[in-house]
Amino acid sequence: MKPKNKLAQSEIVGFAVIIVIVTIIGLMFLSFSIGRGNENKKTSAEISDFLQSSMYHTTNCTTSYIPNYKSIQDLIKSCYRNENCINLDKMACAVLKEDFSKIVKYSFNVSDDYSNKAYKLNIYYEDLVVEDREELMNFTEGNFNNCSFEAGASQAIFMDNGNLNAELDFCYG
């Protein structure tokens, strides 16, 4: 029979060996995942995160009173309701298109000179009761003809009997 301190030492050595093996396997998975990606390209998860966070960007539009400025998400709802930005004397849809275009341009550097060749944004209302779809806005910047691949994401905004959906797709070259 081994003394107690020898038994404890062999258990510690076994535990250390297990930790080393798990660390090596973790580093192998990490190196494979880093090796596959390209830091200039946005994955669907990155686009999804961008789309979700952009919904909280505050615009300079108010449909009721100052300083009740609308977020992008609220502006999409105002666009669906065909509301006017009283402080800008513009329709909510026009302000939404201007502001969202700027956010995407400044966040992703979209042009033929960058890996992000083009993007398209489609915003629509989808009625879940009668299964109907109403297009609110659809705009594209850049050229989708020479894409190496496309990636995209969507964001749902719950409203009434359906959802307002914003879909953002990118063309990578």
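As a basis for the values below, the full set of heavy atoms in this structure was taken, side chains included, without hydrogen atoms, waters or symmetry mates. Quick caveat, the model's predicted, so the values are computed rather than measured.
A donor-acceptor pair under 3.5 Å links the side-chain atoms of Asn87 to the main chain of Asn60, judged by distance alone. Side-chain N or O atoms of Tyr125 include none that pairs as donor or acceptor with a backbone N or O of Asn165 at under 3.5 Å.
Using a 4.5 Å cut-off on side-chain heavy atoms (C-beta onward), Lys120 and Phe139 make no contact. Side-chain contact between Tyr172 and Cys147: absent, with no pair of heavy atoms (C-beta onward) separated by less than 4.5 Å. By the 4.5 Å heavy-atom criterion applied to side chains, Thr59 and Asp74 are not counted as neighbours.
Contact between Leu75 and Cys85 at its shortest, heavy atoms only, is CD1-SG, 4.3 Å. Between Gln155 and Leu51 the shortest heavy-atom distance is N-CD2, 3.6 Å. Pairing each heavy atom of Met137 with each of Cys79, the nearest pair is CE-SG, 4.2 Å. Closest approach of Ile19 to Thr23, counting heavy atoms only: O-OG1, 2.7 Å. Of all heavy-atom pairs between Ala151 and Ile47, the closest is O-CD1, 3.6 Å.
The distance from the OG atom of Ser78 to the OH atom of Tyr80 is 13.0 Å, given to the nearest 0.5 Å. Asn138 contributes atom CG, which lies 4.5 Å from atom CG of Asn122 (distance to the nearest 0.5 angstrom).
When the side chains of ILVMFWY residues are joined at heavy-atom separations under 4.5 Å, either directly or via intervening members, Phe50 and Phe149 end up in a single hydrophobic cluster. Under a hydrophobic-cluster definition in which Ile, Leu, Val, Met, Phe, Trp and Tyr are linked whenever side-chain heavy atoms come within less than 4.5 Å, directly or via other members, Leu168 and Tyr106 are assigned to different clusters. Under a hydrophobic clustering in which Ile, Leu, Val, Met, Phe, Trp and Tyr are joined whenever their side-chain heavy atoms come within less than 4.5 Å, directly or via other members, Tyr124 and Ile72 fall into different clusters.
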Step-by-step side chain to side chain donor-acceptor pair (under 3.5 Å) determination, Lys70 to Thr62: CA-CA 6 Å; Lys70 300 284 185 184; Thr62 181; over 6 Å; no

Criterion side-chain contact (heavy atoms from CB on, under 4.5 Å) on Glu150 and Phe170, from CA distance to verdict: CA-CA 5 Å; Glu150 292 182 33; Phe170 277 91; over 6 Å; no

Candidate pair Thr63 and Ile86, rule side-chain contact (heavy atoms from CB on, under 4.5 Å), full reasoning: CA-CA 5 Å; Thr63 58; Ile86 59 172; 5.7 Å; no

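Listed by chain and number, the residues in a side chain to side chain contact (heavy atoms under 4.5 Å, CB included) with Thr58 are Tyr69 (sequence neighbours excluded).
For the 3.5 Å distance criterion, the side chains of Glu167 and Ser154 fail to qualify, holding no donor opposite an acceptor.
The side-chain tip of Lys117 does not point at the ring of Phe144 from less than 6.0 angstrom away and within 45° of straight on.
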Side-chain donor-acceptor contacts of residues 91-105 below 3.5 Å, not counting sequence neighbours, with atom names and distances?
from   : atom 1 : to    : atom 2 : distance (Å)
Glu98  : OE1    : Lys90 : NZ     : 3.2
Glu98  : OE2    : Lys90 : NZ     : 3.0
Ser101 : OG     : Lys97 : O      : 2.7

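The six-membered or imidazole ring of Phe108 lies away from that of Tyr119, with a centre-to-centre distance of 6.0 Å or more.
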